[in-house]
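FYI, the numbering just counts along the sequence from 1. Read the numbers this way: they start at 1 and go in the same order the structure lists the ligands and their atoms.
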Amino acid sequence: MIKPVIETLKALASERFTVEYPEERESLPDSYRGMLRLDIETCISCAACERICPNKTITMVEIITERGVKKMPQVGIERCLFCALCAEVCPPKCLTLGKDYEVNVVYDKRTLIKRPEELE
Ligand code: SF4
Ligand code: SF4
């Protein structure tokens with residue numbers, strides 16, 4: 001009978017393993033792969049990211065920039081594996097994976113299709 005009490009006291013005195021989400025946030029490792037980010041200024045519209053994506057999540061779409069109409073990646077985040085292959089093959093390294101991990105928390109799945117402007 002005394003053993004459960006001892007175990008409970010030990011647990012109360014030990015370090016906490018969870019955080020009070022969403023008020024508290026865990027710090028993420030440098031290697032964490034979250035939401036994709038695109039630097040529209042340096043994208044060269046080569047479509048290498050679209051070709052390598054294993055889940056066919058990337059579609060090149062037209063956007064109007066200061067230098068005219070260019071094709072840039074649009075990402076369907078609902079199907080993204082966060083594998084980072086697209087970022088690895090991107091020649092100017094303008095496509096990266098950030099630290100945002102709450103991107104898939106939406107009421108409407110259609111909002112998970114992110115146009116290039118929304119990835120900036
Ligand atoms: S991280 Fe992987 S799955 Fe997601 S868009 Fe890039 S290549 Fe596709
Ligand atoms: S994001 Fe990178 S790989 Fe994709 S089209 Fe632009 S330059 Fe090419």
### Message
side-chain hydrogen bond (donor to acceptor under 3.5 Å, both in side chains), that's the test. Do Thr42 and Asp39 meet it? Break it down for me.
### Response
CA-CA 6 Å; Thr42 52; Asp39 180 3; 3.1 Å; yes
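Within a 6.0 Å sphere centred on CD of Glu20, other residues, nucleotides and ligands contribute 12 heavy atoms or fewer. With a 6.0 Å radius and a threshold of 12 heavy atoms from other residues, nucleotides or ligands, Asp108 has its CG atom above the threshold.
Those atoms of ligand 1 with a heavy atom of Leu81 less than 4.0 angstrom away are 3 (S), 4 (Fe). Heavy-atom proximity to Cys53, at under 4.0 Å, picks out these atoms of ligand 1: 3 (S), 5 (S), 7 (S), 8 (Fe). Interface of Phe82 with ligand 1, defined as ligand atoms under 4.0 Å from a residue heavy atom, comprises 1 (S), 4 (Fe). In summary, the atoms of ligand 1 found under 4.0 Å from a heavy atom of Pro54, numbered by their order in the structure, are 7 (S). Every atom of ligand 1 is numbered from 1 in the order shown, and the set under 4.0 Å from a heavy atom of Ile58 is 5 (S).
Atom 7 (S) of ligand 2 has Ile44 N, 3.4 Å as its closest protein atom, hydrogens excluded (heavy atom only). Protein heavy atom closest to atom 8 (Fe) of ligand 2, with residue, atom name and distance, is Cys46 SG, 2.3 Å. Ranking protein heavy atoms by distance to atom 2 (Fe) of ligand 1, first place goes to Cys83 SG, 2.2 Å. Protein heavy atom at the shortest distance from atom 6 (Fe) of ligand 1 is Cys86 SG, 2.3 Å.
Ring-plane geometry between Tyr101 and Tyr21 is classed as tilted, the angle between the planes lying from 30 to 60 degrees on a 0 to 90 degree scale.
Under a 4.0 angstrom heavy-atom cut-off, Glu50 registers as lying outside contact with ligand 2.
Between atom 4 (Fe) of ligand 2 and the options Ala47, Ala87, Cys49, the minimum heavy-atom separation is to Cys49.
In this structure a side-chain-to-backbone donor-acceptor pair under 3.5 Å is missing from Arg37 to Leu97.
Of the heavy atoms in Val89, none comes closer than 4.0 Å to ligand 2. Contact annotation: for Pro92 versus ligand 2, heavy atoms closer than 4.0 Å belong to the side chain alone. Contacts between Cys94 and ligand 2, counted as non-hydrogen atom pairs separated by less than 4.0 Å, involve the side chain only.
Under the 4.5 Å side-chain heavy-atom criterion for Ile, Leu, Val, Met, Phe, Trp and Tyr, Leu119 and Val103 are members of the same hydrophobic cluster.
Between atom 4 (Fe) of ligand 2 and Cys90 there is no N/O/S contact shorter than 2.8 Å.
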